[in-house]
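Read the structure below first, then the notes.
In each ligand, atom 1 is the first atom listed, and ligand 1 is the first ligand listed. Only a predicted model underlies this, so the values are computations on that prediction, with no experimental measurement involved.
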Amino acid sequence: MTASSTFSSRISPPEDIDAAARALLDGALVVLPTETVYGLAARADDPDAVQRIYDVKGRPAGHPLIVHVADGMAALAGSWGADPLPLARSLAEEFWPGPMTLVVPRGPRTPDIVTGGQSTVAIRVPSHPVAAAVLLRMDELDPAGAPHGVAAPSANRFGRVSPTTYADAHAELAHRLQSRDVLLDGGPSEVGVESTIVDCTGDLPRILRPGSVTAGEIAAVCNCTVDDVRDGVTDIRVSGSLPSHYAPDAQVVVSPDLQAAIALLMAHVEAGARVDRIGLIAPASEPTPEGVRRLAAPKNSDDYARDLYAALRRADDDALALVLAIPPGADEGPVDAVIDRLHRAAAPRS
Ligand code: TXA
Ligand code: MG
């Protein structure tokens, strides 16, 4: 489906997947559904195409991008990446394809515009069938160039909430694309928050961005402790670590439980906020105070991650002034990732 065609939601058929692979090989952009969030893809070895990603997103230069590939091991071994260290190899074997990005020493094929000039590159193998099919098709169409890679940040304008549905990606970017660009529909993203980013260049894995693959799962695979340096990262740029990232227009307030949320709500009402312009994102066990718009009622942290970004977008669609968010309770799922995104959505704008 091209940028100029009228919007209708459906899973893109094989001919659209073929068209998207050809468009990427020709240097055009593709809105690509993945299991985490929708991405905006360009072939990673075409600096002009990658530059358009920055232009369309309004993303500042120098923020590095993730290279998405079909064949992760080939990509790690001396093309996009340099020879993989044992740590990267074991995480790749366990978690690819899937919502896990590995930061490894950069290989000869990765241009500066993708890495922001750093000596490392971030690589991921998406599991979403549409993303996987596009990447495979690129390798089939141009086997001499395999393994092809596409740089793909989330398909949102810089600093905004990542889209997790075709409709949200379309609303965010379609008007900024050209007729040769392609938008693919893969249905709602199952995971709903961006991939876990693990720096594999040191002795121990370091989580740079929490996602649905948890620190516990990583520790179990590498049989080691896992550094979580999100707050202390100074040498590596992670744009998701900027305080104002993932923010909707509505003010987001994170509060530990409904009682505290109601106290906050009352304070806002007393300060003049209208109760019908207040939304609530809270575990299903929490009731909805009268007059408040319930945006999501997740049963566990997996549901929470899946529904969070779409709920924040609904808040803006409905012009809500305030969103109260009660974090998920402890469970085995992506609690850290959800709390991280909630706090970023609630952080003051820079
Ligand atoms: O789930 C995801 O990862 C999605 C989907 C589309 O795959 N992509 C995504 O891309 O979230 P983006 O550009 O929105 O976030 C990529 C993050 C940025 O915070 C960037 O700083 C970090 O990855 N990154 C990229 N290369 C890096 C590197 N060499 N070292 C450290 N961080 C890096
Ligand atoms: Mg992003």
Side-chain angles (χ1 to χ4, degrees), residues 29-42 44 50 53-54 56-69 80-82 88 95-107 110-128 130-132 134-135 149-164 169 172-173 184 186 189-202 206-213 229-230 233-242 244-247 305 309 334 337 340-341 344-345:
L29 301 186
V30 167
V31 169
L32 189 68
T34 87
E35 70 279 18
T36 56
V37 300
Y38 275 63
L40 179 64
V50 175
I53 292 179
Y54 284 87
V56 167
K57 276 184 65 87
R59 180 168 166 136
H63 281 269
L65 301 170
I66 298 171
V67 177
H68 299 64
V69 295
W80 301 103
F95 295 112
W96 281 351
M100 155 76 82
T101 294
L102 301 178
V103 173
V104 298
R106 167 185 177 174
T110 309
D112 273 345
I113 192 166
V114 169
T115 65
Q118 300 184 71
S119 59
T120 55
V121 59
I123 301 178
R124 164 163 131 74
V125 181
S127 63
H128 191 291
V130 171
V134 170
L135 292 165
V150 299
S154 48
N156 51 283
R157 295 274 292 157
F158 181 70
R160 307 263 317 148
V161 176
S162 302
T164 54
E172 185 87 7
L173 293 183
L184 292 176
S189 297
E190 270 180 31
V191 173
V193 291
E194 300 82 353
S195 58
T196 307
I197 302 182
V198 183
D199 178 2
C200 299
T201 59
R206 298 197 304 166
I207 296 184
L208 303 180
R209 179 176 71 185
S212 67
V213 178
V229 291
R230 271 167 284 144
V233 174
T234 50
D235 54 333
I236 297 175
R237 285 163 291 195
V238 180
S239 67
S241 69
L242 295 175
S244 69
H245 224 64
Y246 312 110
Y309 287 157
D340 174 78
R341 302 315 191 276
R344 292 185 196 293

**Request:** For ligand 1, find out whether one of its N or O atoms is nearer than 3.5 Å to an N or O atom of Thr36.
**Result:** yes
**Asked** Would you say Ser154 and ligand 1 have an N/O pair spaced under 3.5 Å apart?
**Response** yes
Between the candidates [options], which shows the shortest non-hydrogen contact distance to [atom]?
atom                    : options                        : answer
atom 23 (O) of ligand 1 : Asp199, Ile197, Leu65          : Ile197
atom 25 (C) of ligand 1 : Pro99, Ser195, Pro64           : Pro64
atom 12 (P) of ligand 1 : Pro153, Ala155, Gly192, Pro105 : Pro153
atom 8 (N) of ligand 1  : Ala152, Ser162, Gly39          : Ala152

For [X], atoms of ligand 1 separated by under 4.0 Å from a heavy atom:
X      : value
Thr120 : 28 (C), 29 (N), 30 (N)
Ala122 : 25 (C), 26 (N), 27 (C), 29 (N)
His68  : 5 (C), 7 (O)
Leu208 : 31 (C)

Could you grab the distance from atom [atom1] of [X] to atom [atom2] of [Y], nearest 0.5 Å is fine?
X      : Y      : atom1 : atom2 : value
Thr34  : Leu184 : OG1   : CG    : 12.0 Å
His68  : Ile123 : NE2   : CD1   : 11.0 Å
Arg157 : Glu172 : CZ    : CD    : 8.0 Å
Leu102 : Thr120 : CG    : OG1   : 12.0 Å
Thr36  : His128 : OG1   : NE2   : 9.5 Å
Leu65  : Thr115 : CG    : OG1   : 9.0 Å

**Item:** Pair Ser154-Glu194, side-chain donor/acceptor within less than 3.5 Å
**Value:** no
**Main-chain N/O of Gly186 paired to Tyr38 side chain as donor or acceptor, under 3.5 Å** = yes
**Asked** So, the side chain of Tyr54 versus the backbone of Ile113: is there a donor-acceptor pair under 3.5 Å, distance only?
**Response** yes
**Prompt:** Is His63 in contact with ligand 1, taking contact as a heavy-atom separation below 4.0 Å?
**Reply:** no
**Asked** Under a heavy-atom criterion of less than 4.0 Å, does Arg106 contact ligand 1?
**Response** no
Below 4.0 Å, non-hydrogen atoms only: which portion of [X] touches ligand 1? Side chain, backbone, both or neither.
X      : value
Arg124 : side chain
Arg59  : side chain
Thr115 : neither
Val103 : side chain

**Request:** Please name all residues satisfying side-chain hydrogen bond (donor to acceptor under 3.5 Å, both in side chains) with Thr101, sequence neighbours left out, ordered by chain then number.
**Result:** Ser195
**side-chain hydrogen bond (donor to acceptor under 3.5 Å, both in side chains) partners for Glu35, two or more places apart** = Arg124, Ser127
**Request:** Would you check if the Mg ion (ligand 2) lies under 2.8 Å from any N, O or S atom of Ser162?
**Result:** no
